[in-house]
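These notes concern the structure reproduced below.
Here is how names work: the chains are called A, B, and so on, in the same order as the sequence lines, proteins then strands, and each is numbered from 1.
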Amino acid sequence: MVRLPVKRFTTVCILLLCTGVFAGCASLPDFSPFATATADMSSAVIASGTTIESALQPIAGWESFATQFAKDWQTRKQAMHGMVEYADGLNQITQAGRSGADSAGALADSLTGLATAAGMAVPGGSVVVSTVTKAAKLIYEQIALVRAARSLKNAMASAQPVIDRVTEIIVQDLKAGGDVFLLAHSTIRGDIQLENQVQLGFRHQLIGARDELYKKGVSALSATESARLLEIGQLIASADAWYQPMQEQLQQVQKRLNAGRNLIAAASDATMQWRIVHHNLVAALQQGGNITISAPTLAQAAVQIRGLINRMREL
Amino acid sequence: MNGEFTNINGVDGWKAKLQELLKAAEAAAGDVGQIVAVSERLVGFITHSTPDDSPAIQEMDNIAAQTRNELIKGTVEERLAGITARTNELAGLDKKIRAIAAESQAKAASIRLEGAQNLVKSLIDTVSSLKTFQGTLTTGTDGELAKNVAQIVTDIQTLSTKVQGIL
C-alpha cells in the first residue's frame, strides 16, 4: 500500500513560525488556511466512512454490518462538521480582530446616521466628526486585536483536551474501519472465486496436468502426450472466456481496495497532523509572538486528499 | 499460494492440508493481515479440491468455507463493536466543540461591534418613526403625547451619545 505524502501536512506544524517578537501590539495569524485544512480533513474522514460503508453493502449476509457502521459513522460526520464550525469560529475571531478599524468606521457611520435622523448638531461639524472617527478607528483597531487574541487563546486552550480526544477516536475509528474495509474486500474477492469454484477447479486440474507434462521435457513426450498437451492448451484457452472477465473483476476489486486504503490512510494522517498543528498553535499563542500558517503547504495536502476522494468516486 | 495445493492426493492428503489451514486460522485471530492471508488460502483449498466431489471432500470444503466466514465476520464484528463503543463519547465531545464554536462566533460578532451597530440601526428606525408620528400630532389633546414623544427622541439622543462611548 502506498503511503501518500500527506506527510506534507506534517510540515504545516514545522512551518508555524514563532519568532518570539512581541511588538507591543497584539498580532493575529490568518486562520483561513487552518479553517480550509480543517474542512479538507473533515472531507477525508467523511469520504473514508462512505468508502467503507459502500464496501459492506454488496456482501450477502453483511447487511447488519453495513447498517451498524452507517449509524455509527453518522456521529463521526457530525463531529467533523463540529470541527469545521470550530475552525470557522476561530477564523471569524481573527478576521474580526484584523478588521477592527473597519468595524469602528462602520459604527461611526451608523452613529452619524443616527445623529442626522435625530436632528443632532455636532459641535465643530463634519471636520470634528471625521477627526474623531479616525481616532476611534486607530484606537479600536488595537482593542480589536487584543480582544481577538485573548478570545482566540481562550477558545483554543479550552478546546485542546476535546480536540485531543476527538482526533484520538477518529484515528482509532479509521484504523478499525480500515480493517473492516480490507476484510470486506477479501470476502468479495473470495466470493468471486467461489462463484467460479467448479470452473476454477477444472482449470487448476488442466494446469496441473500441463505442468506434469512440461516437467517431462519436450524430447521425452510421446506422441500421445504431445497431443494431450495440445488439447490441454486448447482447453485452457477456451476457459479464458470466463477466466479473463473474472480476473478483470478481481483486479477492479483490488484497485478499489488500494484506492480506499490510501484514502483512509490519508484521512488518518491528516487527522493526526491537524491535531499537532492545533497543539502548536495553542503553544504559540500562549507564548505570544508572530505565527504564520503556511497556506501553500496546506493547499497542497488538500489537493492530494481531494484527488484521493475523486479517485474513489471514479471507482 | 497455488503451489501449496499441487500434488495433494486423496482424502488423507486434503485432510492434512485442511488441518494445517485450521491451525493457521487459529493463529491468525486478531491480526487482520494474517486473517486475509489464511482466508485466501482457504478459498484456494476449496477451488483446488473441487474437482473431487466426494462426500468427504465436500465436507472439508464446507468446513473451510465456514472457517473463512467465521474468521472474517468475527473480526469485523469486533472492529465494529469498537467503533460503536466510542460513539456516545464522541457525540458528547461534539456538543462541547460546537459550544466553543458558538462562543467564538459570538465573540467575533462582539469584536465586530455588531451588537452596537444593530442597536444604532434600530434607533435610527425608531427616531424616524417617532418624528413621522410627531408630525401627525396637531390638536390640544395630543399635546401631552407630543411632549412624551419629544422626550423619547431626547432620550434616544442621550443613548446614542453613550453608544458612541463604546468607541
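- Proximity to chain B (any heavy atom under 4.5 Å) is shown, for A:Asp191, by both the backbone and the side chain.
- To the nearest 0.5 angstrom, A:Trp62 atom CH2 is 8.5 Å from B:Leu80 atom CG.
- Of all heavy-atom pairs spanning B:Arg112 and A:Ala96, the tightest one is CG-CB, 3.6 Å.
- If you take CD on B:Gln117 and CG on A:Asp109, they are separated by 9.0 Å, rounding to the nearest 0.5 Å.
- Contact count versus chain A (heavy atoms, under 4.5 Å) is highest, among B:Ile46, B:Asn7, B:Leu71, for B:Ile46.
- When A:Gln205, A:His81, A:Gln78, A:Gln199 are compared by the number of non-hydrogen pairs under 4.5 Å with chain B, A:Gln78 comes out ahead.
- Partners of A:Glu53 according to the side-chain hydrogen bond (donor to acceptor under 3.5 Å, both in side chains) rule, which considers only residues two or more places apart in sequence or in another chain, are A:Gln57.
- For chain A, no part of B:Thr126 is nearby; none of its heavy atoms comes within less than 4.5 Å.
- For a residue to count as touching a neighbouring chain, one of its non-hydrogen atoms must lie under 4.5 Å from one of that chain's; by this rule B:Asn69 does not touch chain A.
- Between the CG atom of A:Leu107 and the CD atom of B:Glu114 there is a distance of 11.5 Å, given to the nearest 0.5 Å.
- More than 12 non-hydrogen atoms from other residues, nucleotides or ligands lie less than 6.0 angstrom from CD of A:Glu63.
- Two residues are said to be in side-chain contact when any heavy atoms from C-beta on lie closer than 4.5 Å; B:Ile97 and A:Val166 fail this criterion.
- Taking each heavy atom of B:Glu77 and A:Phe65 in turn, the nearest pair found is CG-CE2, 3.4 Å.
- When each of A:Arg165, A:Gln68, A:Gln172, A:Arg76 is scored by its heavy-atom pairs under 4.5 Å with chain B, the top score falls to A:Arg76.
- For the atom pair NE2 (B:His48) and CZ (A:Arg203), the distance works out to 10.0 Å, reported to the nearest 0.5 Å.
- Side-chain contact between A:Gln92 and B:Lys107: absent, with no pair of heavy atoms (C-beta onward) separated by less than 4.5 Å.
- With respect to chain B, the highest number of heavy-atom pairs below 4.5 Å among A:Val180, A:Asn196, A:Asp102, A:Asp179 belongs to A:Asp179.
- For a residue to count as touching a neighbouring chain, one of its non-hydrogen atoms must lie under 4.5 Å from one of that chain's; by this rule B:Glu103 does not touch chain A.
- When every heavy atom of A:Ser186 is checked against every heavy atom of B:Ile72, the shortest pair comes out as OG-CD1, 4.2 Å.
- Atom CD of residue A:Glu85 and atom CD1 of residue B:Ile100 lie 12.0 Å apart, to the nearest 0.5 angstrom.
- Counting heavy atoms from C-beta outward, A:Leu183 and B:Val32 have side chains that approach closer than 4.5 Å.
- Atom CZ in B:Arg79 sits 10.0 Å away from atom CG in A:Leu182 (nearest 0.5 Å).
- Of the two parts of B:Asp53, neither the backbone nor the side chain holds a non-hydrogen atom closer than 4.5 Å to a non-hydrogen atom of chain A.
- Pairs engaging residues 147-199 of chain A under the ring pair (Phe, Tyr, Trp, His ring centres under 6.0 Å) rule: A:Phe181-A:His185 [sequence neighbours left out].
- Residue contact with chain B, scored on non-hydrogen atoms closer than 4.5 Å, involves the backbone of A:Phe202 exclusively.
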side-chain hydrogen bond (donor to acceptor under 3.5 Å, both in side chains) between B:Thr50 and A:Gln197: does it pass, once the steps are laid out?
CA-CA 7 Å; B:Thr50 289; A:Gln197 179 181 342; 2.9 Å; yes
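- At a heavy-atom cut-off of under 4.5 Å, chain A is reached by no residue from residues 12-31 of chain B.
- For residues 83-96 of chain B, the interface with chain A (any heavy-atom pair closer than 4.5 Å) comprises B:Ile83, B:Thr84, B:Arg86, B:Thr87, B:Glu89, B:Leu90, B:Ala91, B:Leu93, B:Asp94, B:Lys96, sorted by residue number.
- A donor-acceptor contact shorter than 3.5 Å links the side chain of B:Arg68 to the backbone of A:Thr187.
- Chain A forms more heavy-atom pairs under 4.5 Å with one residue of B:Ser110, B:Gly33, B:Gly82 than with any other, namely B:Ser110.
- Nearest approach of A:Ala144 to B:Ile111, heavy atoms of both residues: CB-CG2, 3.9 Å.
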